[in-house]
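The structure appears right after this line, and notes come after that.
Chain identifiers are assigned alphabetically (A, B, ...) following the order of the sequence lines, protein sequences preceding nucleic acid strands; residue numbering begins at 1 within each chain.
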Protein chains: 2
Amino acid sequence: MEPENPPEPSQDSVSLLKRLAGPSSTKAGLTHDQTAINRIIAEASKGSKFYENEKRKDKELSERIAKILKQRDEALQGVDIRPIERNTDHLLEELESQRDLSQIVVHVDMDAFYCSVELLDDPSLQGKPFAVGGGVLSTASYEARKFGARSGMATFVAKKLCPDLILLKSNFERYSEMSDKVMDIFERYDPTMLAAGCDEGYLNITKYCEEHMVDADTCVQEIRDTVFRETSLTVSAGIAPNKMLAKICSDKNKPNGQYHLPFDRASIKAFMHDLSIRKVPGVGRVNERLLEALGIKTCGDIFKHRATLQLMDKQFGLVFLLRTYLGIASNVVQPIQREEKKSIGAESNKTQILRKLEEVAGELEDDMVRGGWTGKTVTLKFKLDTFQVFTRAKSFDRWVSSKKEDLFAIGKELLLPELPLTLRLIGLRVTKLKDLHAPEPLGGIKRFFEPANSSPRKRPRLASNTEDCNDEEHDTGEDHESMPGFYEEEENAEGRGFDAPDNEEQIHISHDSNPPHHERRIRPPVSAPGPSRSRPSDSPFSATTSKPMSARQGDRVRHQDCPICGKLLETDNKGLNAHIDFCLSRNVIMEAQTDAQSTPKNPKKSKDLVLSWPSSVKGKRKQKG
Amino acid sequence: MEPENPPEPSQDSVSLLKRLAGPSSTKAGLTHDQTAINRIIAEASKGSKFYENEKRKDKELSERIAKILKQRDEALQGVDIRPIERNTDHLLEELESQRDLSQIVVHVDMDAFYCSVELLDDPSLQGKPFAVGGGVLSTASYEARKFGARSGMATFVAKKLCPDLILLKSNFERYSEMSDKVMDIFERYDPTMLAAGCDEGYLNITKYCEEHMVDADTCVQEIRDTVFRETSLTVSAGIAPNKMLAKICSDKNKPNGQYHLPFDRASIKAFMHDLSIRKVPGVGRVNERLLEALGIKTCGDIFKHRATLQLMDKQFGLVFLLRTYLGIASNVVQPIQREEKKSIGAESNKTQILRKLEEVAGELEDDMVRGGWTGKTVTLKFKLDTFQVFTRAKSFDRWVSSKKEDLFAIGKELLLPELPLTLRLIGLRVTKLKDLHAPEPLGGIKRFFEPANSSPRKRPRLASNTEDCNDEEHDTGEDHESMPGFYEEEENAEGRGFDAPDNEEQIHISHDSNPPHHERRIRPPVSAPGPSRSRPSDSPFSATTSKPMSARQGDRVRHQDCPICGKLLETDNKGLNAHIDFCLSRNVIMEAQTDAQSTPKNPKKSKDLVLSWPSSVKGKRKQKG
DNA sequence: TACCATAAA
DNA sequence: TACTTTTATGGTA
DNA sequence: GAGCAAAGC
DNA sequence: TACTGCTTTGCTC
Ligand SMILES: Nc1ncnc2c1ncn2[C@H]1C[C@H](O)[C@@H](COP(=O)(O)OP(=O)(O)OP(=O)(O)O)O1
Ligand SMILES: Nc1ncnc2c1ncn2[C@H]1C[C@H](O)[C@@H](COP(=O)(O)OP(=O)(O)OP(=O)(O)O)O1
Ligand SMILES: [Mg+2]
Ligand SMILES: [Mg+2]
Ligand SMILES: [Mg+2]
Ligand SMILES: [Mg+2]
């Protein structure tokens with residue numbers, strides 16, 4: 001802990017050291033001072049291809065930062081910052097005016113989930129440092145975390161940090177089973193809960209508390225007690241007025257604790273003031289570094305640099321950051337709206353390319369058939385021995401069949417022109433999905449034989465790091481009798497009954513060159529991203545495959561208020577973001593502010609008047625004529 | 001001419017006076033001092049609903065300007081303008097470096113076209129003030145223009161200005177005929193000419209001049225001589241290195257003259273310096289006023305206010321204006337790329353609503369059948385007695401039939417919920433067109449009986465202002481035997497042969513309220529906009545209908561260079577504009593400049609390397625590894 | 001649409 | 001010796 | 001996709 | 001007494 005290793009300071013830059021620590025270096029249960037651990041991690045990796053790749057990425061990021069700083073200096077050149085800050089302050093006022101403290105949102109998250117489940121099955125692990133995973137840890141017990149072991153860390157590195165670490169193989173069926181149990185309990189307290197991952201979810205307990213005459217703390221304690229009583233698993237929870245805060249709070253007293261953020265403006269601002277920006281969902285390690293370069297480490301720093309952020313809105317997403325500074329975010333808690341899974345895929349490492357490609361095609365077939373999915377585009381993903389990742393995709397105007405041979409053929413088509421390559425991973429993914437299990441629109445008479453598993457619940461998979469542990473239950477490929485290479489078209493069905501003769505594959509494969517960097521601006525994740533699960537229609541675990549879990553993101557709402565002008569937008573997030581740009585560019589802030597004075601709240605109206613009448617005509621005439 | 005009308009200055013603001021003068025107040029042949037004329041025009045209109053509407057629009061525009069000025073002042077508040085100007089200057093250098101003086105572009109435009117054709121048929125009109133039109137003038141002879149009469153002016157106003165004005169009804173067949181003749185002549189000098197309107201076009205005569213060993217002036221003189229010899233019509237021309245300049249120049253020596261702008265940077269800059277911004281194609285009366293409010297009246301003023309424009313890029317389209325300042329624009333001359341007409345419609349004034357709606361449905365049927373078009377969306381347009389214009393549209397997933405009854409029914413459906421209304425005009429338009437004459441993709445065996453007129457040439461219509469002159473040749477509606485309400489689907493044909501049962505019209509009619517103002521930024525018109533015609537596949541005149549002409553816009557190219565970073569973009573204008581925003585936002589200007597020093601020209605490359613190989617993989621590995 | 005980067009469990 | 005898997009989103013060409 | 005503003009002939 | 005008809009584009013929701 002003292003500065004006594006000056007001879008070999010291993011030359012690594014601070015940023016690289018941090019980068020090598022991995023993306024989950026902010027997990028609960030870790031030691032406060034990570035510098036010693038980080039040095040060991042770096043030492044262990046040094047010289048490997050992985051290390052070189054991280055170095056490259058670090059360099060690229062540093063260059064990107066340099067560019068941004070140059071741009072900032074350019075923009076600030078001789079500019080009087082005061083009026084800009086005043087402008088931002090107006091915007092802050094407007095945002096503040098939309099704070100909603102009326103809903104009690106809870107984020108619940110199981111403690112060291114996989115490990116805790118393993119502990120149930122082998123109580124002798126109690127108190128020992130252990131972890132679940134293969135070559136890489138899925139998660140680690142809190143004892144192991146004390147040594148620095150954590151999700152995503154290479155096992156051999158973890159062993160260096162913690163020589164006594166016990167490594168367990170994963171049992172996804174068990175995790176899935178327990179996940180279901182826990183989710184069912186959560187659901188009792190909020191039937192519209194949002195399952196945001198295999199081991200976590202958001203609950204709006206406002207109604208429950210009212211109806212049962214209990215306060216939030218009691219209610220949450222009861223939830224956690226119930227979970228423990230019925231499953232012997234511990235869960236932590238955060239209580240706050242919105243999802244972002246609740247999620248941050250659930251981490252605060254981990255493990256097996258809960259934290260209730262006071263529901264008033266002052267407490268929230270105080271809470272945010274010293275909170276690391278990295279804790280905010282949506283800010284990962286890249287954006288953490290970008291913001292740090294501007295001098296922003298805590299959420300409180302956002303305010304200090306608001307002028308810079310205003311000028312650099314394109315890069316940094318001003319509105320998101322200001323709302324974060326205020327501790328304002330979505331408090332909508334509802335299950336996934338659009339019943340659409342977006343993609344399904346399979347990957348495999350240690351590849352001998354074509355052999356492995358065929359394998360993943362097989363796995364993908366299993367998952368597609370089992371889940372009842374088909375899709376329109378197939379994406380090949382491959383990671384070079386240098387750890388660089390690439391994708392190659394092909395879209396069809398038909399639903400691709402889930403037959404292993406067809407998937408393999410498509411994959412090959414995508415892969416062959418790239419050869420020769422030395423790969424360390426290869427994967428296939430199908431997107432533009434269609435749910436074959438969904439109640440078909442009563443189209444043709446259609447298959448009486450469902451592909452398999454006619455359960456109405458879709459059962460996506462868990463993310464596994466089982467690295468070649470061939471425990472798939474020997475697919476005795478039998479019953480499914482799909483079409484040659486494609487399913488039949490079911491949408492836009494109309495017109496001729498025979499095959500159109502213009503079928504020469506108007507299909508395009510493109511080869512974009514790697515664009516430099518894209519300086520995305522930071523945007524709030526629609527909900528907590530990551531392998532999430534949605535309720536009640538879905539379970540995140542594959543029922544049969546020994547593979548980990550799939551993702552589903554929340555807040556897929558149809559309409560939301562613009563945080564700036566307050567207007568009710570009927571659009572998705574993309575549209576909302578475009579609209580926010582528009583508002584900002586028009587400086588609607590100013591107007592909104594004056595508006596806000598005359599009409600303190602609830603800027604929506606007129607919609608009723610608009611309904612069945614030429615709104616414009618009537619409105620204009622009445623107002624002006 | 002002296003200031004001697006102080007008693008009744010008619011209280012109109014200057015802007016309103018100018019607005020009442022109409023959009024074509026900058027035409028050639030008009031007196032220099034228009035103030036007296038403008039006063040008469042205003043006098044004549046005063047008190048009418050038209051006048052009130054113009055006043056309203058003027059007020060709205062004034063408010064919009066006030067807002068923008070406020071925004072400008074906000075943005076300039078205490079800002080040091082110098083670094084911004086330096087930045088803009090870099091951008092100007094980059095833009096300048098892309099100037100291309102190698103192509104000789106000519107814009108040819110018939111003089112007082114409709115009038116000149118009338119003159120052929122009635123030589124007694126020679127030297128007299130006359131015009132073509134109905135209640136509104138389509139165009140006026142140069143004699144009439146001396147009095148202030150011009151396109152778009154109400155006839156009764158023109159009569160006030162010029163009591164002896166002779167008014168002629170339009171003869172579109174004649175104009176069409178002469179248009180074809182003239183275009184054929186133009187085509188001899190550039191087979192890839194771009195017909196940009198019924199009486200004008202762009203020619204690239206570089207090749208012709210080389211091959212025939214003539215200079216541009218001689219060549220253009222020859223063109224004009226030929227036109228006059230073969231048609232007795234006079235044509236004016238502009239010779240310049242790009243389309244924008246050529247178009248401006250063709251107006252310079254109108255009528256019956258030509259102007260050759262010297263092909264060097266200095267001359268061009270001098271030419272631009274005092275040129276009214278209003279002469280620039282794409283800048284109409286609204287943007288003229290907006291720019292004027294910033295102090296920009298001439299193209300030279302753009303430079304003076306470049307810092308402001310940089311800050312207000314969103315409103316004003318910095319790049320377009322800077323290029324304009326430099327006199328740089330597209331020099332691509334080629335006929336329309338995508339063989340797609342975009343819409344077809346019919347309107348009629350003095351409406352008794354449903355009666356008239358039925359009439360326009362009939363006219364539309366004629367035009368659709370004659371032209372061989374069908375489409376997917378139908379738009380109803382109506383103008384209130386207050387001159388406010390509204391549209392109501394409905395889209396289908398099938399091709400709408402062109403039968404009068406069907407069009408009428410759709411129109412009624414759109415109109416009825418709006419009633420009661422007092423209208424002064426009603427119209428129907430079909431968009432998302434499909435060309436029934438085009439060689440069908442050999443789909444089903446399909447109709448042997450083409451709807452009518454199996455000519456391979458599409459013959460859209462001219463814009464008429466014939467206001468109820470019932471000279472339609474009594475539609476003896478006979479032969480076409482189309483489907484109930486729709487044509488059969490021909491695209492995406494696949495799947496079941498019987499009608500899908502889920503056919504409950506998933507069609508949406510929406511009622512947006514009138515959004516306030518949209519502050520579009522100024523952008524270059526892809527070519528000269530307006531009722532244009534494309535060659536060689538199309539004639540702009542309806543062969544049979546006594547109606548005026550249809551439009552087609554040019555420069556619909558597949559790929560173009562980004563004027564900032566120089567990259568070759570494979571995208572349409574929309575994409576290009578988005579990319580320009582991106583470039584600007586990233587301040588690529590700076591880099592581009594340094595780039596330009598190392599690679600003076602031709603920034604495109606690498607594309608060849610990218611082709612069949614994982615560009616990214618290879619490239620990165622070679623460069624970095 | 002294709003491809004990449006970022007984020008998350 | 002050795003550094004995951006799965007899903008989602010947003011931005012650009 | 002729907003609606004509107006702007007531009008041009 | 002009385003102020004066009006037609007087409008395209010770009011932008012927002
Ligand atoms: N990077 C990863 N790769 C694979 N699986 C992961 C990864 N991160 C998390 N998981 C799996 C294993 C975890 O037990 C489970 C839940 O994740 P998470 O809630 O973030 O951590 P945790 O539940 O293990 O510990 P904590 O107590 O911090 O919540 O998801
Ligand atoms: N506003 C309008 N409404 C209807 N038709 C128009 C309108 N403007 C122009 N036209 C028709 C009539 C014109 O003769 C023809 C060509 O337009 P244009 O070239 O702009 O003017 P022009 O040829 O009549 O005179 P000029 O000598 O100025 O070119 O298009
Ligand atoms: Mg957890
Ligand atoms: Mg979790
Ligand atoms: Mg003309
Ligand atoms: Mg013309």
What heavy-atom pair brings A:His579 and A:Cys565 nearest, and what distance separates the two atoms?
-> NE2-SG, 3.3 Å

Sugar-phosphate, base or nothing in reach of B:Gly22, heavy atoms under 4.0 Å | nothing

For B:Gly427, which contact category applies under a 4.0 Å heavy-atom criterion: base, sugar-phosphate, or nothing?
-> nothing

What orientation do A:Tyr114 and A:Phe172 show, parallel under 30°, tilted 30 to 60°, or perpendicular over 60°?
-> perpendicular

What's the closest nucleotide to the A:Val286 side chain, out of C:dA7, E:dC4, C:dA2?
-> C:dA7

Integer-rounded Å distance: E:dA6 C1' and B:Leu290 CG | 11 Å

Rounded interatomic separation in angstrom, taking CG from B:Asp199 and P from F:dC6 | 18 Å

Would you say D:dC3 has OP1 or OP2 under 4.0 Å from some side-chain N or O of A:Lys49?
-> no

Are A:Thr155 and D:dA2 close enough that a side-chain N or O sits under 4.0 Å from OP1 or OP2?
-> no

How close or far is atom C1' of F:dC6 from atom OH of B:Tyr114, stated in whole angstroms?
-> 10 Å

Side-chain N or O of A:Arg392 less than 4.0 angstrom from OP1 or OP2 on C:dC4?
-> yes

Pair B:Ile344-B:Leu364, side-chain contact (heavy atoms from CB on, under 4.5 Å): steps then yes or no = CA-CA 8 Å; B:Ile344 184 170; B:Leu364 183 51; 4.3 Å; yes

B:Lys383 side-chain N/O to F:dT4 phosphate OP1/OP2 under 4.0 Å | yes

Under a 3.5 Å cutoff on both atom distances, Watson-Crick or G-U, what's the dot-bracket for DNA chain D ([ ] crossing, | other strand)?
-> ....|||||||||

With respect to the phosphate group of F:dA2, does any side-chain polar atom (N or O) of B:Arg424 fall under 4.0 Å of OP1 or OP2?
-> no

Measure distances between side-chain N and O atoms of B:Ser151 and base N and O atoms of E:dC9, and say whether any donor-acceptor pair falls under 3.5 Å.
-> no

A:Lys432 vs C:dT1: side-chain N/O to OP1/OP2 distance below 4.0 Å | yes

Going through the distances and angles, do A:Leu380 and A:Ile426 end up as a side-chain contact (heavy atoms from CB on, under 4.5 Å)?
-> CA-CA 7 Å; A:Leu380 172 78; A:Ile426 196 163; 3.9 Å; yes

Are B:Arg429 and F:dT7 close enough that a side-chain N or O sits under 4.0 Å from OP1 or OP2?
-> yes

Side-chain N,O (A:Ser138) to OP1/OP2 (D:dT4) below 4.0 Å | no

Side-chain N,O (B:Arg64) to OP1/OP2 (E:dA6) below 4.0 Å | yes

Would one find a side-chain N or O of A:Asn287 under 4.0 angstrom from OP1 or OP2 of C:dA7?
-> yes

Separation of D:dG11 C1' from A:Asp572 CG (nearest whole Å) | 14 Å

side-chain contact (heavy atoms from CB on, under 4.5 Å) with B:Thr431: which residues, sequence neighbours excluded?
-> B:Ser343, B:Thr377, B:Arg429

B:Lys160: side-chain contact (heavy atoms from CB on, under 4.5 Å) partners, not counting sequence neighbours | B:Ile40, B:Ala44

Reckon B:Lys159 touches a base, only the sugar-phosphate, or nothing at all at heavy-atom distances under 4.0 Å?
-> nothing

Mapping B:Phe50 and A:Leu569 to their closest nucleotides on DNA chain F, which lands nearer the 5' end?
-> B:Phe50

Of all residues at least two apart in sequence or in a different chain, which pass the salt bridge (charged side-chain N to carboxylate O under 4.0 Å, His left out) check with A:Lys381?
-> A:Glu347

So what does A:Thr571 touch, heavy atoms closer than 4.0 Å: a base, only the sugar-phosphate, or nothing?
-> nothing

Looking only at side-chain N and O atoms, does A:Ser24 come under 4.0 Å of OP1 or OP2 in C:dA8?
-> no

May I ask you to verify if any side-chain N or O of A:Ser395 is less than 4.0 angstrom from the OP1 or OP2 atom of C:dA2?
-> yes

Base, sugar-phosphate, or nothing: which does A:Val360 touch, judged by heavy atoms less than 4.0 Å apart?
-> nothing

Residues in salt bridge (charged side-chain N to carboxylate O under 4.0 Å, His left out) contact with B:Arg289, at least two apart in sequence or another chain = B:Asp58

Counting any heavy atom closer than 4.0 Å, what does B:Arg278 reach on the DNA or RNA strands: base, sugar-phosphate only, or nothing?
-> sugar-phosphate

Tell me which of B:Met153 and B:Lys574 sits closer to the 5' end of DNA chain F, going by the nucleotide each one is nearest to.
-> B:Met153

Looking only at side-chain N and O atoms, does B:Lys247 come under 4.0 Å of OP1 or OP2 in E:dC9?
-> yes

Counterpart residues, salt bridge (charged side-chain N to carboxylate O under 4.0 Å, His left out), relative to A:Lys49 (two or more places apart) = A:Asp385

